[in-house]
Amino acid sequence: MNELAPATHTHTSAPAESYLDEHTVRSWLLTTDHKRIGVLYLISIVFYFLVAAVAVGIMRIELLHPHGTLLLNETYNKLFTLHGVLMVWFFLIPSIPSALGNFIIPIMIGARDVAFPKLNLLSWYLFMIGGGFVLYSIMIGGVDTGWTFYTPFSSTYSNTHVLTMVFGVFIAGFSSILTGLNFIITIHKMRAPGMRWFRMPLFLWSLYSTSIILVLATPVLAITLLLMAVERVWGIGIFDPRLGGDPILFQHLFWFYSHPAVYIMVLPSMGVVSELMAAFTRKEVFGYEWVAGASVAIAVVGFLVWGHHMFVSSQSIYAGMVFSILSFIVAVPSGIKVFNWTATLYQGSISFETPMIYALGFIGLFAIGGLTGLFLAALAVDVHVTDTYFVVAHFHYIMVGGAVMGFMGGLHYWWPKITGRLYPEAFGRLAAIVTFIGFNFTFFPQFVMGYLGMPRRYHNYAPEFQVYHVLSTAGASILGIGYLLPVIYLLWSLRYGKKAPANPWHATGLEWQTTSPPPKHNFDETPVVTGPPYDYTEDFEPKPSGVLHA
Amino acid sequence: MKLPFFPIAASHMAERVDRLYLGLLLISAFFLALIFLPMLYFLFKYRRGKMLSHRKLKFATWKLEVIWTLIPLFMLLCLFGWAATIYYDEERPPARTLEAFVVAKQWMWKIQHAEGNREINELHVPTGQAVKLTMTSEDVIHSFYIPAMRLKQDVVPGRYVTEWFEPTRPGTYHLFCAEFCGADHSLMGGNIVVMKPADYQAWLNAGRPVDNLAATGEHLFREFGCSGCHQNSTVVHAPRLEGVFGKPVPLQGGAITTADEQYIRDSILLPASQIAVGYSNVMPSYTGRVSEEQLIQLIAYIKSLGNQTPPEETK
Ligand code: HEM
Ligand SMILES: [Cu+2]
């Protein structure tokens, strides 16, 4: 008997009305149901992801040749800016928290909705308006500053539509803040009876930590962008050295947000992976409290390392050393998580369903991304590789290898819950494996190329780097297939997929106690939690792999 | 096509950085093995379908956690020490160096040697001697990057930044701009030409102008009228500049600063911002009238006065 089961387990005979039952456009656009808002986010971020992916696809083709002639230099610069801005603010940051988190958090804690449903809808609208401004700035000509908007280039020298795009990011920032606030209060106030802090699934711990960063760091981004806009419009000497301003100040402010932001991207993935490791080994996550604590530690220490993006910016060497040592220290909690996941496998009953393959892929790529982070934290090596393809490879291993693999794992894991349908398992596994191979093929050569000295954001380059660029572009086409496959078979499953049972994975967690897709108010009766989150011990009966086909 | 894995190392520092890089690779390999060998073994051994009894673990979790927290932490701190030592040496030029000055602008590198030779997008240097570059930018942030020396330094408008290296191998190496700086960022490069000392001397003599930087600066000092106040003036009370360079300067308000390149630059462009004790704010600003190159020449001149003692002040 599963201890997580709701105290009163009454499945009435009439099937409850699912949250998907209403079909009008109005019912979607004016909904305050966290599940529907999660789905709206899901559709939007996939859209932005595809736009950003097309941008980078064109760039990778251009880079096949050292003097590629497909694009003008300015077009190339606009494409990488678009790619960066959309991927960071309109895909990575909202991906797991706003899409999957919105859907799952209230159900996981046994609540009927988030604390402020209307605010939740508002944050989606802000997100879409922000994205609208970004797309508009592309249509009227684009922006060439890179996603980091470094001054004085962005504030004084760029002749492109910086203000429009920055305004879009600024608005999207408010969406982040509202979502973060909503989650913090939801997790504090709305947990089901009996769900003490240390009975929360690890996904909630990681989203809680993420939300703290969202709320504390995003305002700094908003202020920074505002100052930059003010300088651009009125020429006030904040960042402009000709007026006594300091261009490095912008970098401090920007990274004070943006380094924590990289944890906004990866912490949620770590949470997903913890869920998946438990579900597919049928064990509790090894060292549960340590994994939960590591999330909080990463969120806290992550605020103290922003200066490692500025080792060669002319900040003082002592500042460099302080930021370096803190960066080494922040690697420790990430390491703890990886060791704990490995230990979770010990004596498990491991099955290799699609989400699990994504989770294992996550661990592999995240480990490489994290270890190369040490190279960047190591001052003398960073001096050589910063602003080269080494950095590009590093943050893609973390953000694409880590965050996106986690997102895909979570998406597949909760897909039956969200849509009520099962996807074809064989295709799922294939996509996960193709993604993993394509990913390494794309980004591993970039480490080598970076150490050789290939600077980033280069449209033309010295011929000796070509062989690595060719490898990378070849890998990117495989990776592209890896991402397109799920788009196809997941859409297919909406119509033709088998109907999903309430708990297709035989997993613990309140979200699996309700029907798939869940009814409007999630639970007929408030569930009561009486035990720890991953209690697979008593219910332990090894099931053959591929249980879905049975 | 070749598949090189390592860039050429053309300075002592490059070899030290490479050793650290190899050390990091080894440590990474160690951790990867530590994680993935057990993982692969577990994935195989405990795959579903094999009937294994599911037991609670017997050892104390926290002991393992403490071990795998503290050992990596210790290793990381050692790595920090190693990397920081090299960085410290990279950032502190030795006492005796050749000097050159670099002005970056969209999209070229303008270089002046202390001897007076000028180059664009090329820098000639001899082996066996430390070269110190003092750099600034006329517009946006650029970054002066020589992969063969494993060196990179952002060049920030409004600031003087320095970089130094000691080339060990004659040859021609890439110079890149590594900080995104606009449309032709990827074309903003050039060559570092490292020559044997004798060849370098020959190169230097072949192109040497009549005046070195300091002498050019001295002309400017008169042209701009600086000398009117700072030399022989009986009307205006302005500090003499002999012996000033590198010395502490007490400022109004109690602060003390050092008369380095940055201080002199700021004094010329924004004289009102730092006023030395005992003087009043009468100097006009030269913002807009003097170019980055001329500033460098003026500074070179004031620097060349550095070892002289000021003549007795006539109040
Ligand atoms: C855990 C998730 C992580 C994410 C999402 C992440 C992401 C990023 C990103 C986006 C950049 C590139 C900034 C740019 O545009 O130049 C970057 C750079 C850097 N990362 Fe990470 N990183 C992570 C982990 C780490 C770790 C664990 C370390 C160190 C132990 C680290 C050290 C660095 C350093 C030092 C840089 C600066 C590189 C440079 O610009 O020179 N990162 N990271
Ligand atoms: Cu440049």
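Chain identifiers are assigned alphabetically (A, B, ...) following the order of the sequence lines, protein sequences preceding nucleic acid strands; residue numbering begins at 1 within each chain.
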More than 12 heavy atoms from other groups under 6.0 Å of NZ on B/Lys132: yes
When A/Val448, A/Leu471, A/Val383, A/Asp144 are compared by non-hydrogen pairs under 4.5 Å with chain B, the top option: A/Val383
Check: A/Trp290 and B/Val66 side chains under 4.5 Å, non-hydrogen atoms: yes
A/Thr160 versus chain B, the contacting section by heavy-atom distance below 4.5 Å: neither
Residue B/Arg16 versus chain A: region with a heavy atom under 4.5 Å: neither
Heavy-atom check, side chain of B/Ile141 versus side chain of A/Pro152, under 4.5 Å: yes
Atom pair CZ (B/Arg47) and OG1 (A/Thr281), whose distance is rounded to the nearest 0.5 Å: 16.0 Å
Selection from B/Ile35, B/Ile8, B/Leu43 maximising heavy-atom pairs under 4.5 Å formed with chain A: B/Leu43
Residue B/Leu77 versus chain A: region with a heavy atom under 4.5 Å: side chain
Parallel, tilted or perpendicular: ring planes of A/Phe80 versus B/Phe180, cut at 30 and 60 degrees: perpendicular
Pairs of heavy atoms under 4.5 Å with chain A: top-ranked of B/Asp89, B/Thr69, B/Val161: B/Thr69
Per-residue contact mode, A/Ser158 against chain B (heavy atom under 4.5 angstrom): neither
Portion of B/Glu90 that has a non-hydrogen atom of chain A nearer than 4.5 angstrom: side chain
Closest approach of A/Ser314 to B/Val156 (non-hydrogen atoms, all atoms of both residues): OG-CG2, 4.0 Å
Distance-only donor-acceptor pairs under 3.5 Å for side chains of residues 240-250 of chain A, two or more places apart:
{"residue": "A/Asp240", "atom": "OD1", "partner": "A/Arg242", "partner atom": "N", "Å": "3.0"}
{"residue": "A/Asp240", "atom": "OD2", "partner": "A/Arg242", "partner atom": "NH2", "Å": "3.3"}
{"residue": "A/Asp246", "atom": "OD1", "partner": "A/Ile248", "partner atom": "N", "Å": "2.9"}
{"residue": "A/Asp246", "atom": "OD1", "partner": "B/Arg159", "partner atom": "NH2", "Å": "3.1"}
{"residue": "A/Asp246", "atom": "OD2", "partner": "B/Arg159", "partner atom": "NH2", "Å": "3.3"}

Pairwise distance CZ(B/Arg48) to CZ(A/Arg282) - rounded to 0.5 angstrom: 5.5 Å
Closest non-hydrogen atom pair between A/Met321 and B/Ala84, with its separation: CE-O, 3.8 Å
Greater than 12 external heavy atoms within 6.0 Å of A/Asn159's CG: no
Region of B/Phe5 in contact with chain A, defined by heavy-atom distances below 4.5 Å: both
Pair A/His384, B/Tyr145: side-chain N/O donor-acceptor within cut-off below 3.5 Å: yes
Part of B/Tyr21 within contact of chain A (heavy atom distance under 4.5 Å): both
Option in B/Ala148, B/Gly182, B/Ser273 with maximal non-hydrogen atom pairs under 4.5 Å from chain A: B/Gly182
Between NZ on residue B/Lys152 and CG on residue A/Asp382, distance to nearest 0.5 Å: 7.5 Å
Most chain B-contacting option - heavy-atom pairs closer than 4.5 Å, from A/Thr388, A/Ile325, A/Ile336, A/Val332: A/Ile325
Chain A contact via B/Ile146 - side chain, backbone, both or neither, heavy atoms under 4.5 Å: neither
Reported CG-to-CG distance for the pair A/Leu371 and B/Leu24, which is rounded to 0.5 angstrom: 9.5 Å
Interatomic spacing from CG in A/Asn73 to CG in B/Leu187 - rounded to 0.5 Å: 7.0 Å
Parallel, tilted or perpendicular: ring planes of A/Tyr346 versus B/Tyr46, cut at 30 and 60 degrees: perpendicular
Which portion of B/Val17 sits near chain A, non-hydrogen atoms under 4.5 angstrom: both
pair B/Pro147-A/Tyr451: side-chain heavy atoms closer than 4.5 Å: no
Part of A/Tyr318 lying under 4.5 Å from any heavy atom of chain B: side chain
Aromatic ring proximity, centroids under 6.0 angstrom, A/Phe286 and B/Trp68: yes
Distance-minimising heavy-atom pair for A/Ser324 and B/Phe80: OG-CD1, 3.2 Å
Heavy-atom contact with chain B under 4.5 Å, split by part of A/Thr156: neither
B/Ser186 side chain vs A/Tyr458 backbone, donor-acceptor pair below 3.5 Å: no
Neighbour count >12 (heavy atoms, 6.0 Å) for atom CZ, B/Phe6: yes
From A/Phe153 atom CZ to B/Cys181 atom SG, the distance as rounded to the nearest 0.5 Å: 7.5 Å
B/Tyr286 OH: over 12 foreign heavy atoms closer than 6.0 Å: yes
Contact origin within B/Asp18 toward chain A - heavy atom pairs under 4.5 Å: both
Segment of A/Leu360 engaging chain B (4.5 angstrom heavy-atom cut-off): side chain
Under 4.5 Å from any heavy atom of chain B - which part of A/Tyr157: side chain
Crowding at CD, B/Gln262 (>12 non-hydrogen neighbours, <6.0 Å): yes
Any B/Glu65 side-chain heavy atom under 4.5 Å of A/Asn340 side chain: yes
A/Tyr150 and B/Asp154: CA distance, side-chain angles, deciding distance, side-chain hydrogen bond (donor to acceptor under 3.5 Å, both in side chains) verdict: CA-CA 12 Å; A/Tyr150 273 14; B/Asp154 282 5; over 6 Å; no
Option that, when pairs with chain B are counted at under 4.5 Å, heavy atom only, ranks first among A/Ile363, A/Ile368, A/Ile329: A/Ile363
Atom group of B/Cys177 that falls short of 4.5 Å from chain A, counting heavy atoms: both
Which portion of A/Phe465 sits near chain B, non-hydrogen atoms under 4.5 angstrom: side chain
Polar side chain donor-acceptor pair, A/Glu464 to B/His174, under 3.5 angstrom: yes
Heavy-atom proximity to chain A below 4.5 Å, by part of B/Gln106: side chain
Choice from B/Thr162, B/Leu151, B/Asp184, B/Thr287 maximising heavy atom contacts with chain A below 4.5 Å: B/Asp184
Non-hydrogen side-chain atoms of A/Leu374 and B/Leu76 separated by less than 4.5 Å: yes
Which of B/Ala83, B/Pro38, B/Pro72 touches chain A most, by non-hydrogen pairs under 4.5 Å: B/Ala83
Parallel, tilted or perpendicular: ring planes of A/Phe339 versus B/Phe31, cut at 30 and 60 degrees: tilted
When A/Pro455, A/Gly320, A/Ala380 are compared by non-hydrogen pairs under 4.5 Å with chain B, the top option: A/Ala380
